[in-house]
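Structure first, then comments.
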Amino acid sequence: CPMLTTVDLVGGIHNTVASLHLEIWRSEMTDEINRMNQTLPTITGDKTSEIRQWMRRVIDRLDHYKTEHQKLLKEATTLLELALWKANLEDNG
């Protein structure tokens, strides 16, 4: 539709972004989401294709952040396990 000027996101995307672990991740995602509504009115070609590409970028970035979050959680869990193991040795040693 040539008259399309904004995209309204529905569902849990805003909650997902708000729950991202790092502030920089939240900021980057918010900027990426807002970028489409800033550029959409200036697109003279195929807006549907542009929106699809934008959606793919948003999904790919969210997937990347989820993977990084899992790595951070695994590292934190390992550190906690080591700290508990050390404390247990000190208590029993």
Side-chain angles (χ1 to χ4, degrees):
C1 178
M3 302 300 290
L4 184 64
T5 58
T6 60
V7 174
D8 292 324
L9 298 176
V10 296
I13 187 73
H14 294 289
N15 290 336
T16 301
V17 170
S19 70
L20 291 173
H21 183 69
L22 299 176
E23 174 61 34
I24 188 73
W25 295 352
R26 291 188 298 272
S27 178
E28 288 176 2
M29 285 307 304
T30 299
D31 290 347
E32 183 65 37
I33 289 168
N34 292 335
R35 187 171 298 123
M36 180 48 66
N37 286 334
Q38 294 168 357
T39 60
L40 194 58
T42 65
I43 297 171
T44 58
D46 183 11
K47 291 185 179 191
T48 301
S49 176
E50 290 291 329
I51 291 170
R52 283 186 183 136
Q53 290 175 10
W54 168 75
M55 288 171 53
R56 174 57 33 212
R57 282 193 310 270
V58 168
I59 291 168
D60 287 347
R61 188 169 288 174
L62 278 175
D63 287 343
H64 170 74
Y65 291 149
K66 287 178 184 179
T67 300
E68 290 300 309
H69 182 78
Q70 289 298 322
K71 288 178 187 177
L72 289 170
L73 287 177
K74 185 173 182 169
E75 182 179 327
T77 301
T78 300
L79 290 173
L80 179 59
E81 287 174 354
L82 288 172
L84 291 171
W85 184 74
K86 181 181 177 186
N88 190 31
L89 282 177
E90 289 172 354
D91 287 346
N92 295 324

Yes or no on side chain to side chain contact (heavy atoms under 4.5 Å, CB included) for E50 and D46, after CA distance, side-chain angles and deciding distance? CA-CA 7 Å; E50 290 291 329; D46 183 11; over 6 Å; no
Set of residues satisfying side chain to side chain contact (heavy atoms under 4.5 Å, CB included) with respect to [X], sequence neighbours excluded:
X: L40; result: L4, V7, M36, I43, K47, I51
X: E32; result: R35, W54, R57, V58, R61
X: Q70; result: L73

With sequence neighbours excluded, what pairs up with D31 under the salt bridge (charged side-chain N to carboxylate O under 4.0 Å, His left out) test? none
Between CH2 on residue W25 and NZ on residue K66, distance to nearest 0.5 Å: 12.0 Å
Does I59 belong to the same Ile/Leu/Val/Met/Phe/Trp/Tyr cluster as I13, with side-chain heavy atoms less than 4.5 Å apart forming each link? no
Assigning hydrophobic clusters by single linkage (Ile, Leu, Val, Met, Phe, Trp, Tyr; side-chain heavy-atom cutoff under 4.5 Å), is L20 placed with L72? yes
Report, one line per pair, each donor and acceptor closer than 3.5 Å where one atom sits in a side chain of residues 78-93; sequence neighbours left out.
unit_1: T78; atom_1: OG1; unit_2: K74; atom_2: O; d: 3.0
unit_1: N88; atom_1: OD1; unit_2: N92; atom_2: ND2; d: 2.7
unit_1: N92; atom_1: ND2; unit_2: N88; atom_2: O; d: 3.2

With N15, which residues qualify under side chain to side chain donor-acceptor pair (under 3.5 Å), at least two apart? none
Check side chain to side chain donor-acceptor pair (under 3.5 Å) between E68 and all other residues, then give those that pass, not counting sequence neighbours. K71
Test: salt bridge (Lys or Arg N to Asp or Glu O under 4.0 Å). Region: residues 14-26. Which pairs qualify, not counting sequence neighbours? E23-R26
Only counting residues at least two apart or in another chain, list the ones meeting ring-ring contact (aromatic ring centres under 6.0 Å, His included) with H69. H21
